[in-house]
Amino acid sequence: MIRDTSAPAAPAHPLPVLLPFRLTAPQRRFPPLRLTLLHALGIVGLGLLIAGGAHAQAGVNQLSAFGVIIKWFPLLMSGFLFNILISVLSMALGTVAGVGLGLASISLSTPLRRIAWGLTQFFRNAPWLVLLFFAMFMIPFEFRIFGVTIPFPDWVKAVIGFALPVMANMSEIVRGAVGSLPSGQWEAAESLAFSRRQTMWMIILPQCLKRMLPPWMNLYTLVTMATVQASIVGVTEMLTLIAQVHAAEGGRPDLLAPLYGFAMLCFFIYCYPIELWTRRLERRFHLHQ
Amino acid sequence: MAADPSVSQNEYGWTPDQPLIRLVDVHKAFGSLQVLRGVSLDVRKGEVICIIGPSGSGKSTLIRCINALIPVDSGTIRVEGQEVNDPDLDKLALRRKVGMVFQQYNLFPHRTALQNVMMAPVHVLKQNRKEVEVRARALMAKVRLQGKEDVYPGQLSGGQQQRVAIARSLAMRPDVMLFDEVTAALDPETVKEVLVTIRELAEEGMTCILVTHEMGFAREVADHVYFTDKGLIVEHGPPADFFANPKDERTKAFLGQVL
């Protein structure tokens, strides 16, 4: 009787031999938010220390590093938001394309599967920066369709450039998640006369969502951090703007560390909570499966 | 009065007085491993047959061939006259006639118990959702799981999950049910509740093919017991006879081990 009501729950009395597993318990003592702030404060502190030191050596009429960041804050933030925009759009485009590619890579048609496999491996094993250059220089700056000119500015090309590796990685995530489901799910669906397509969309993929979410979020933080590479190909995102701000302030060497430190801080504050959330989801799904 | 034979004939020329399932000389190999080496058996409507034998003797493969989950290499399998080995097999037609329950239940974990039961009739047979729901609730009651309709499989015990799986299969209104070691993964105390459900089905006249290790159950409910070893049917007969006087040495050795 007891078994029936408490089947999925942990046993009431843990065995003493299992106690070493509680090694993970101390982690939970720090709530994730406090950890984020702690780290962020550390970086800000480091930045201020460097800035302070530099300020002591600087002339009287010059703005402090902190003052420079405050002064250019709106501009730098608009740059950072542009990074976010690029990351979100590449992720959206790459996810849609990647799900398609992933499904093709597990299709029953051998030619389709081979092509999908080839594309996935090609884009997964190319450096992101090379793919970015590839997109930048291979895609024309405008398209002409039915007499209408559609401009393709650099940042749109960058979005496509980042979407390519996202697509390939997403394809592998989909393939891996589908492959990780027990084959009994396919057998049960088949014996109930579901078609392959119905099985995929109604039974397999809904279960895969949970498994795909953590690696997908992880991929997103990688894309976000990769977006600064767009500065190399001339997209006016945060890193480009920092270089411009630095030049506008007379190229003072003492500003380099605080300015780039500020960029790091922005990305850290944005990506670290996602990372934490991902880890928490992973742990939760791991416990439930 | 003489019934017109053409009336009761189905589209494959099968009449209910013929065996519901007929296997003739079925062979199946996985690579170089011969799993089935010429299996023939007949199952009549309303019959309950149990297939027993040591693990690796091809029992599970055998029943998976009946609903075309595994294609056979040679031989014929007919379900109500429908040739299962036909390359142009109408799988939907076959599988709505043949229900199957698995050792690992294989419920869909992202759907509630009731949704599990309803999914195939609604989406595969395109039946009216309201009517299917009424039937599904009745089936849940039949397997004694009233009140568990909105519970997810993960929150049910093994025996409860297996009974949902039986209800899910019955919702397709099959003519024959295949049970593949359905109690093998269960705790001893929940085995009984599943066996009770299967016995009730058998008593209602459902044609059942069971692969099982429950010898007591086989003796009690089976009309016919088959013993397989190394891909062949070694011996078969009515349970009273089969268990009391096994003739083949392999059967004797096997029964000696498990009884």
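It should be emphasised that the depicted structure is a prediction, and the values quoted were computed from it without experimental measurement. Reminder, nothing fancy here: chain letters follow the sequence lines and each chain counts from 1.
Contact tally against chain A (heavy-atom pairs below 4.5 Å) for B:Leu178, B:Leu107, B:Val98: the top residue is B:Leu107.
Residue B:His123 holds its NE2 atom at 12.0 Å from OG1 of A:Thr199, rounded to the nearest 0.5 Å. Taking OG from A:Ser191 and CZ from B:Arg64, the interatomic distance works out to 9.0 Å, rounded to the nearest 0.5 Å.
Heavy-atom distances place no part of B:Val101 under 4.5 Å from chain A, backbone and side chain included. Neither the backbone nor the side chain of B:Leu125 has a heavy atom closer than 4.5 Å to any heavy atom of chain A. In this structure, chain A has heavy atoms under 4.5 Å from both the backbone and the side chain of B:Phe108. Both the backbone and the side chain of B:Arg168 have a heavy atom closer than 4.5 Å to some heavy atom of chain A.
Residue B:Arg96 qualifies as open at atom CZ: its count of foreign heavy atoms under 6.0 Å is 12 or below. Counting heavy atoms of neighbouring residues, nucleotides and ligands inside a 6.0 Å radius, atom OH of B:Tyr12 exceeds 12 of them. For A:Trp117, the CH2 atom counts as loosely surrounded, since its 6.0 Å shell holds 12 or fewer non-hydrogen atoms of other residues, nucleotides or ligands. Heavy atoms of other residues, nucleotides or ligands lying less than 6.0 angstrom from CH2 of A:Trp216 number 12 at most.
The two residues A:Leu192 and B:Ser169 make their nearest non-hydrogen contact at CD2-CA, 4.4 Å. Of all the heavy atoms in B:Arg95 and A:Glu190, the pair that sits closest is CD-O, 2.9 Å. Taking all atoms of both residues into account, the shortest heavy-atom contact from A:Ile203 to B:His110 is O-CE1, 3.6 Å. Counting all heavy atoms, side chain and backbone alike, A:Gly184 lies closest to B:Asn106 at O-ND2, 3.2 Å.
Counting only heavy atoms from C-beta outward, the side chains of A:Gln185 and B:Pro109 approach each other to under 4.5 Å.
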